[in-house]
Amino acid sequence: MLELMLCSMLTILPDYLYRRFVQGKRLGKEITFFSVWFELRWGIVACLMLTISLITLIFYFHPSSNTATLFFRTVPIVPETSGRVAEVRLDYSAPVAKDAVIFRLDSSKQEAALETARRKIAEVDAALVGAQVEVLKTEAQIQEAKSSVQQAQDELQVKRELQRRNPGIVPQRDIEKLQVMVDGRQGSLDGANASKQSAELRVSTVLPAERASAEAALAQAQVDYDKTFIRAGVAGRVEQFFLRVGDVVNPLMRPAGILIPEGAGQRSLQAGFGQIEAQVMKVGMVAEAACISKPWTVIPMVVTGVQDYIAAGQFRGGEQLIEAQNVLRPGTILVFLEPLYKGGLEGVTAGSSCIVNAYTSNHELISSGKLSTAKSFGLHAIDAVGLVHAMLLRIQALLLPIKTLVLSGH
């Protein structure tokens, strides 16, 4: 309607003034309700053509979307393990801080495994002390065996010396017994050394490895125990949380509730524009938004991202061929917009529906001086008609509460 009124001022109104003051035709005489078309046919045709051209120009180079929403991601409250609920610390709707416990599962099995792992570490520590004592014991045995070997060797040496000086004074049988004694005591010494090496290996390698395994088992048991405490990964608010003590939860079942992160839906606005705007929508375009949850307010925005694929064309591979006729509604180009100024979305409820206008700007291209006069004039006209769309958005923002509260059937 606004475009029609504007165009009529440039076409029908001049035509009427020409008929009235130049040709002398009077309203109600020569110009009547029945002769309007014949008398003002040039102005009417020019008005319709100009209106259609203006609307096409405005909506193509300055696109609009009525399907803009502050989408926000929710976090399902799901435990990592199955179990029976032992404690619930929040109501069905309540704020929650980061890492705060939401509910707790029965942990008797995990506590038993944790205590078993602690006892295993204590057992290994006790074995380590015993092995250290065993090392000391084998050192004493080695010292005793060395003394015995030395004593037997000395006695054997004396007997051999006597035999050498006075052959026959010492029976050969005694010398052979002493040699066997020395060999036997040397074997005991070697056995004591082997026992020491075994004890030292147990102290330095075997028992530390067993302790490391026990510590790993303790850490695993601690992790399993911690999983019985379901915590909030981020600060936010818990909604639709109807879990109660005694309920059985399972990660494969439905979530126990929903966690809405703090500040969700306050960062960016997502809008769906028609596919014909694919060549117009660019990152960096200035836009404006008016949201139902914050009436009579126009929020300056900027385009920060344009999705380069259309969601309606996606498919999941299966056992049936794709039939194009099943796509009844054409998809839209998803555009991401952020407030031009900090805090621009404050007061806008997450999930709110909004109206968005984006505006094409050719100022840099015109200022470059690389265009002809005709192209510069045309781009100036394109930028100028964006004012009409901005006026339309403000009229929509003004009438939005009335349309919602009065004209929607309440």
Side-chain angles (χ1 to χ4, degrees), residues 1-68 271-282 285-290 298 303 329-333 335 355-368 370-400 403:
M1 181 61 70
L2 185 62
E3 294 90 343
L4 183 61
M5 293 174 61
L6 180 63
C7 292
S8 64
M9 294 176 64
L10 301 175
T11 54
I12 298 178
L13 181 60
D15 191 11
Y16 168 75
L17 294 177
Y18 175 77
R19 307 286 183 183
R20 175 68 181 86
F21 296 103
V22 176
Q23 295 182 351
K25 296 180 180 181
R26 295 167 294 175
L27 187 66
K29 298 295 184 178
E30 292 82 2
I31 304 176
T32 64
F33 179 78
F34 297 100
S35 65
V36 167
W37 165 251
F38 180 79
E39 296 294 343
L40 303 178
R41 58 188 180 277
W42 296 106
I44 294 174
V45 172
C47 179
L48 292 177
M49 293 178 63
L50 185 60
T51 301
I52 294 174
S53 300
L54 183 61
I55 292 175
T56 303
L57 190 69
I58 291 174
F59 280 92
Y60 181 73
F61 288 101
H62 309 286
S64 176
S65 174
N66 294 323
T67 57
F273 289 86
Q275 298 182 22
I276 197 171
E277 310 294 348
Q279 303 302 318
V280 179
M281 297 303 305
K282 304 294 181 183
M285 291 180 64
V286 176
E288 292 179 324
V298 176
V303 176
R329 297 180 57 187
T332 58
I333 299 172
V335 176
I355 304 171
V356 173
N357 282 358
Y359 303 103
T360 298
S361 176
N362 299 292
H363 176 72
E364 294 183 0
L365 186 58
I366 295 172
S367 301
S368 65
K370 300 178 180 179
L371 303 178
S372 63
T373 303
K375 288 185 177 180
S376 298
F377 179 80
L379 294 180
H380 270 299
I382 290 174
D383 291 351
V385 295
L387 179 63
V388 179
H389 219 179
M391 293 174 59
L392 290 174
L393 178 65
R394 281 152 178 79
I395 294 173
Q396 287 178 299
L398 182 64
L399 298 178
L400 193 58
K403 179 181 177 182

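For this chain, numbers begin at 1 and follow the sequence in order. Keep in mind that the numbers below use all heavy atoms, side chains included, and drop hydrogens, waters and symmetry copies. The model shown is predicted, which means the values in this text are computed figures rather than measured ones.
Taken from NE2 in His380 to NE2 in His363, the straight-line distance is 8.5 Å, to the nearest 0.5 Å. A distance of 12.0 Å separates CD1 in Ile58 from CZ in Phe61, rounded to the nearest 0.5 Å. A distance of 10.0 Å separates CD1 in Ile333 from CD1 in Ile276, rounded to the nearest 0.5 Å.
Pairs engaging residues 355-368 under the salt bridge (charged side-chain N to carboxylate O under 4.0 Å, His left out) rule: none recorded [sequence neighbours left out]. Sorted by first then second residue, the salt bridge (charged side-chain N to carboxylate O under 4.0 Å, His left out) pairs that include residues 387-400, not counting sequence neighbours, are Glu288-Arg394. The salt bridge (charged side-chain N to carboxylate O under 4.0 Å, His left out) pairs that include a residue from residues 370-384 number zero, where partners must be two or more places apart or lie in different chains.
For Ser65, the side chain to side chain donor-acceptor pair (under 3.5 Å) partners are Thr67, not counting sequence neighbours. With sequence neighbours left out, Ser64 forms a side chain to side chain donor-acceptor pair (under 3.5 Å) with Asn357. For Glu277, there are no salt bridge (charged side-chain N to carboxylate O under 4.0 Å, His left out) partners two or more places apart in sequence or in a different chain. In this structure, the side-chain contact (heavy atoms from CB on, under 4.5 Å) partners of Leu399, at least two apart in sequence or on a different chain, are Ile395, Ile402. The side-chain contact (heavy atoms from CB on, under 4.5 Å) check on Ala290 picks up Leu393, Ala397, with sequence neighbours excluded. By the side-chain contact (heavy atoms from CB on, under 4.5 Å) test, Ala381 pairs with no residue at all, sequence neighbours left out. Scanning for side chain to side chain donor-acceptor pair (under 3.5 Å) contacts around Ser53 gives an empty result, with sequence neighbours left out. Partners of Leu379 by side-chain contact (heavy atoms from CB on, under 4.5 Å), not counting sequence neighbours, listed by chain and number: Asn362, Leu365, Ile366, Leu371, Ile382.
In this structure a side-chain-to-backbone donor-acceptor pair under 3.5 Å is present from His389 to His62.
Thr332 approaches Gly272 most closely through the heavy-atom pair OG1-CA, 3.7 Å.
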